[in-house]
Enquirer: 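First the structure, which I've put down as structure tokens, then a few questions once you've had a look.
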Amino acid sequence: MATAEADVPTAALKVERGKKAPQFKGRDRWVFYAMVGIPTGLHVLLVWVPTVGSIFLSFTDWKGIRFSDITWVGLRNYNQIFTVFEKDFFQALINNTVLLVFLFLGPTLFGMFLAYSLDKSIKGTRLYQSVFYTPVVLSLAVVGFMWQSVIYSTENGLATQLFGGGEPVDWLGNQSFLISFGDTYGISKNFAAILIAIAWRHAGYIMVLYLAGLKSVDNSLKEAASIDGANEWQTFRLVTFPTLKPINVVVAVITVIEALRAFDIIFVLNTPRKTEVLSILTTNNLLGEGGGNVGRGSAYATILFLLCLGFVIWYVTNHYKSTEEGAES
Amino acid sequence: MSKLILPGSPSPSTHGYSLSRRSLLKGTAGTAALAVGLPTVLAACGSDDSSGGDFELGSATGDLTIGSNYSNELPQAGLAAATAAVPNANINSSINEVDHNTFQENITTYLQNPDDIIPWFAGFRMRFFAEQDLLGDITDVWDAGLSDLLGEGFKTASTGNDGKQYFVPWTYYIWGVYFRPSLFEENGWTAPTNLDELNSLASDMQDAGITPFAFANDGRWPAMGTFDQLNFRLNGYDFHVDLMAGEESWTDERVKNVFTTWESLLPIHQENPNGRTWEEAAAAVVNKEAGMMTIGTFIGSQFPDGDTSDLDFFTFPELDPEIGTGTVEAPIDGWMMAKSPSNESAAKEMLYHYGTALAQEAYLAEDPSVVAPSEDVDASIYSPLQNKVLAAVAAAPTVTQFLDRDTSPEFASNVAGPRIADFLANPGDIDSILADMQEQAEVILNS
């Protein structure tokens with residue numbers, strides 16, 4: 001580098017004076033400003049302005065009609081959420097948490113299992129992969145409609161035929177608790193039914209991600225492990241799984257995001273009672289028949305935002321730490 | 001009855017009103033119908049200074065945009081026919097149709113930049129937007145003739161908290177207990193008039209292997225209809241009004257009585273209503289698996305080809321002789337004008353037209369599931385069922401709209417709907433459910 005600087009004395013002198021070297025000149029500089037500035041501007045305008053706006057509105061009382069009607073109410077909306085609407089709020093928080101834990105323990109593990117099984121050159125593996133992947137092309141809203149009419153129909157649904165014992169079963173309307181936490185909160189039976197429908201789609205998604213990951217695992221590693229006498233489980237746990245770390249991070253991110261943003265499937269099922277999640281409470285207060293309480297709706301949204309932010313911070317620090325480690329090694 | 005409620009209060013109306021001019025003239029419901037209250041009185045004072053000014057029929061010209069949530073086939077055709085029937089050929093109107101539910105969900109946004117004419121509902125929901133200064137005052141349209149055409153009851157239902165008119169009624173229907181007369185005839189059943197008769201009819205039905213009441217609550221509004229009926233049969237019209245306005249408490253013994261009565265009637269209703277759509281419940285009535293259903297006249301749409309010749313209803317039976325059966329629930333749909341319409345004179349003329357028999361007859365010719373407010377509509381177009389709807393509403397001294405039209409929509413859909421669903425799932429929890437409702441009603445209705 002030193003010799004190169006000597007060849008271009010003017011630039012080197014500027015660097016030596018401790019000032020930043022102009023990396024771009026003339027038209028290049030304008031191109032640079034445009035390429036950085038336009039995306040930044042759009043990002044700030046479309047992401048941060050609404051976010052900060054929502055946080056501001058969560059401290060106000062506003063019917064969403066005229067800007068001049070916005071009145072500052074301090075922490076009132078939050079206070080009401082935690083004291084007056086607390087049963088709805090904590091149930092929604094529980095549902096979001098249950099969804100998150102369930103997605104990790106259920107469809108994510110199952111998707112991983114499917115990927116591992118189908119990665120071997122078994123007969124018809126392409127067919128199986130396609131079958132398990134098909135639900136992923138559907139939006140969760142469509143999944144909701146399909147399960148409502150085909151599987152969970154009270155009189156004629158497939159689930160009713162298989163498990164109902166000849167009696168109609170109200171799969172999506174039964175709000176009694178499957179597992180209860182005290183008298184007030186729990187995991188309702190209809191929420192459990194919705195979890196199964198979500199899993200049906202999510203497992204295929206995870207399967208594809210792991211299939212892609214497994215393709216990149218060097219076969220010689222597995223061969224070496226088997227020569228060393230490792231059995232199948234040991235090979236997976238100690239050799240294959242660690243090499244899948246980048247995929248694991250992606251899967252963790254996708255799963256957490258799916259759990260926090262869950263909305264569409266519950267909304268299209270008319271939000272059966274006790275299946276509310278935070279995004280539903282937000283929407284109910286902002287839009288629709290019961291809308292027009294922008295303050296409280298924004299407060300719900302802000303709480304959801306803080307939960308997401310906590311996760312994003314964890315992810316960013318964790319991710320960058322791991323890539324730095326990777327660069328060092 | 002004479003209690004004053006301040007403007008801004010979310011009450012349906014401060015007074016009992018009848019919807020029938022004819023019944024008033026006949027004197028059948030005379031005294032109660034005369035009990036008109038504050039808004040109407042103010043309307044008389046307020047009409048002079050209305051901003052609209054010189055409303056004159058037949059003078060309007062130019063383009064007019066009409067918003068529409070009449071997205072189903074029959075209502076769509078009805079609106080087109082009624083609009084085309086406007087006598088003034090110089091108005092060039094265009095209808096902007098939006099899906100019914102989408103329209104409702106986006107109403108707040110829509111009203112920031114609406115069409116000249118806006119479809120909506122009478123009751124609190126209309127007065128709320130008038131209060132927000134989003135609607136145009138059409139008092140002069142009423143003064144120009146609608147008052148005479150439609151009568152005091154409908155005028156009251158069209159009046160905002162400031163005493164001015166913001167609404168033109170267009171169609172309405174009635175909530176009641178609907179049944180198939182052929183099923184009743186086969187079994188020799190008759191419509192019950194009180195609780196004992198209702199219970200004995202229900203046990204006869206159960207003996208015949210028929211579920212007495214089809215029952216649904218998917219979407220969390222259908223069961224509100226049953227709540228309303230029980231509430232005003234047990235506690236009367238005024239209590240309904242005050243409860244909806246947040247001036248009576250949900251923890252009141254009288255409210256609890258409604259729910260305990262309801263609990264005692266649940267065994268004669270279909271089980272697990274929360275996961276059933278009203279259409280599915282209606283199908284049970286159509287198929288004669290269920291004997292009756294508490295629902296609106298729109299149940300007729302579930303009959304094959306909309307044929308309502310084998311459909312009848314009775315108003316909900318008497319539960320308390322002191323209260324009687326003088327109240328019915330008859331939600332009114334209609335039209336409003338934008339605050340600043342692009343063509344005010346055309347908008348007013350079209351609104352006037354919508355209030356007349358000419359437009360309403362044209363609509364009913366396409367969609368016979370409702371009846372018209374105008375009493376000049378040719379009676380021969382009505383089916384026996386529609387005539388019965390008219391008669392039942394005309395005979396009622398007091399008329400409610402519906403739980404979600406008579407109170408803050410936020411309270412109705414975020415509190416009352418979910419809590420009623422909780423009650424139906426777990427009737428034993430009445431006390432804690434009502435305590436929550438009251439706590440949340442105070443926050444929402446008094447803010």
Side-chain angles (χ1 to χ4, degrees), chain A residues 61-67 69 71 73 76-77 79-81 83-88 91 148 152-155 157 167-177 183-184 188-190 193 267 269-274 276 280-281 283-297, chain B residues 101-102 104-109 111-112 125 128-129 131-134 216-221 270-277 280 283-284 289 404-405 408-426 429 432-433 435-444 447:
Chain A
D61 183 15
W62 188 36
K63 289 194 166 63
I65 293 171
R66 264 183 216 89
F67 286 118
D69 294 340
T71 48
V73 293
R76 191 197 73 182
N77 294 322
N79 190 29
Q80 287 175 355
I81 286 173
T83 58
V84 179
F85 298 92
E86 80 283 0
K87 283 181 187 164
D88 293 328
Q91 183 60 52
Q148 181 182 34
Y152 289 145
S153 167
T154 308
E155 312 281 341
E167 291 290 311
V169 183
D170 187 12
W171 297 100
L172 294 171
N174 189 343
Q175 63 182 73
S176 61
F177 290 132
D183 291 340
T184 316
S188 66
K189 288 179 179 164
N190 49 11
F267 187 75
L269 295 174
N270 274 338
T271 319
R273 189 73 182 119
K274 305 286 183 190
E276 290 93 344
I280 294 276
L281 295 184
T283 319
N284 282 351
N285 280 278
L286 289 176
L287 306 168
E289 300 266 17
N293 196 323
V294 178
R296 196 178 312 122
Chain B
N101 284 335
T102 310
Q104 232 145 297
E105 307 247 306
N106 295 327
I107 182 70
T108 312
T109 324
L111 285 176
Q112 324 263 340
R125 279 170 159 180
F128 174 80
F129 290 126
E131 182 94 0
Q132 301 297 317
D133 203 22
L134 290 167
N217 196 32
D218 185 86
R220 291 189 298 278
W221 59 266
Q270 277 180 319
E271 287 182 329
N272 301 326
N274 286 336
R276 191 179 295 114
T277 64
E280 287 169 330
E289 291 158 14
D404 69 5
R405 299 188 185 200
S408 145
E410 188 192 349
F411 176 73
S413 83
N414 291 355
V415 180
R419 301 296 159 201
I420 288 174
D422 286 354
F423 160 76
L424 294 173
N426 229 337
D429 288 351
S432 85
I433 288 169
D436 283 346
M437 281 181 91
Q438 178 56 24
E439 194 184 7
Q440 299 179 354
E442 281 169 19
V443 167
I444 291 172
S447 67

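Labels below follow one simple rule: chain letters A, B, ... track the order of the sequence lines, proteins then strands, and each chain is numbered from 1.
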Enquirer: Any side-chain heavy atom of A:F85 within less than 4.5 Å of one from B:N414?
Expert: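 With C-beta onward as the side chain, the pair stays apart.
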
Enquirer: Relative to chain A, which segment of B:A412 carries a heavy atom at a distance below 4.5 Å: side chain, backbone, both, or neither?
Expert: neither

Enquirer: Determine the minimum heavy-atom distance between A:R273 and B:P418, stating which atoms define it.
Expert: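 So the two residues come closest at NE-O, 3.2 Å.
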
Enquirer: Under the criterion side-chain contact (heavy atoms from CB on, under 4.5 Å), I'd like the reasoning laid out for B:D422 against A:K274: C-alpha separation, chi angles, the key distance, then a yes or no.
Expert: CA-CA 9 Å; B:D422 286 354; A:K274 305 286 183 190; 4.1 Å; yes

Enquirer: Are the side chain of B:R220 and the backbone of A:T271 linked by a donor-acceptor contact shorter than 3.5 Å?
Expert: yes

Enquirer: Which residues satisfy the side-chain hydrogen bond (donor to acceptor under 3.5 Å, both in side chains) test with A:D183, sequence neighbours excluded?
Expert: none

Enquirer: When heavy-atom pairs shorter than 4.5 Å are enumerated against chain B, which of A:T154, A:D88, A:N174 gives the highest number?
Expert: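 Of the candidates given, the most pairs with chain B belong to A:D88.
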
Enquirer: So what's closer than 4.5 Å to chain A heavy atoms on B:Q440: side chain, backbone, both or neither?
Expert: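 Both backbone and side chain.
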
Enquirer: Less than 4.5 Å apart, side chain to side chain, heavy atoms only: is that true for B:L134 and A:R66?
Expert: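 Yes - at least one pair of side-chain heavy atoms lies under 4.5 Å apart.
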
Enquirer: Considering only heavy atoms, which portion of B:N426 lies under 4.5 Å from any heavy atom of chain A: side chain, backbone, both, or neither?
Expert: neither

Enquirer: Can you confirm whether B:E271 is buried at CD, in the sense that more than 12 heavy atoms of other residues, nucleotides or ligands lie under 6.0 Å from that atom?
Expert: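 Atom CD in B:E271 is not packed in, count stays at 12 or less.
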
Enquirer: Hey, which of B:N272, B:T277, B:T109, B:T102 has the most heavy atom pairs under 4.5 Å with chain A?
Expert: B:N272

Enquirer: Working to the nearest 0.5 angstrom, can you tell me the gap between A:T184 OG1 and B:D429 CG?
Expert: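 So the gap between those two atoms works out to 9.0 Å.
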
Enquirer: Below 4.5 Å from any heavy atom of chain A, which atoms of B:N217 appear? Answer side chain, backbone, both or neither.
Expert: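 Contact with chain A involves no heavy atom of B:N217 at all.
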
Enquirer: Please determine if A:K87 and B:E439 form a salt bridge, counting it only when a charged side-chain N lies under 4.0 Å from a carboxylate O.
Expert: no

Enquirer: Check whether any side-chain heavy atom of B:E410 sits under 4.5 Å from a side-chain heavy atom of A:N285, and report yes or no.
Expert: yes

Enquirer: State which residues pass ring pair (Phe, Tyr, Trp, His ring centres under 6.0 Å) with A:F177; sequence neighbours excluded, sorted by chain then number.
Expert: none

Enquirer: Could you check B:E131 against A:K63 for salt bridge (charged side-chain N to carboxylate O under 4.0 Å, His left out), going step by step and ending with a plain yes or no?
Expert: CA-CA 12 Å; B:E131 182 94 0; A:K63 289 194 166 63; over 6 Å; no

Enquirer: Which bit of B:D436 comes within less than 4.5 Å of chain A, counting heavy atoms only: side chain, backbone, both or neither?
Expert: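 The side chain, not the backbone.
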
Enquirer: Taking the side chain as everything from C-beta on, heavy atoms only, tell me whether A:Q80 gets closer than 4.5 Å to B:I444.
Expert: no

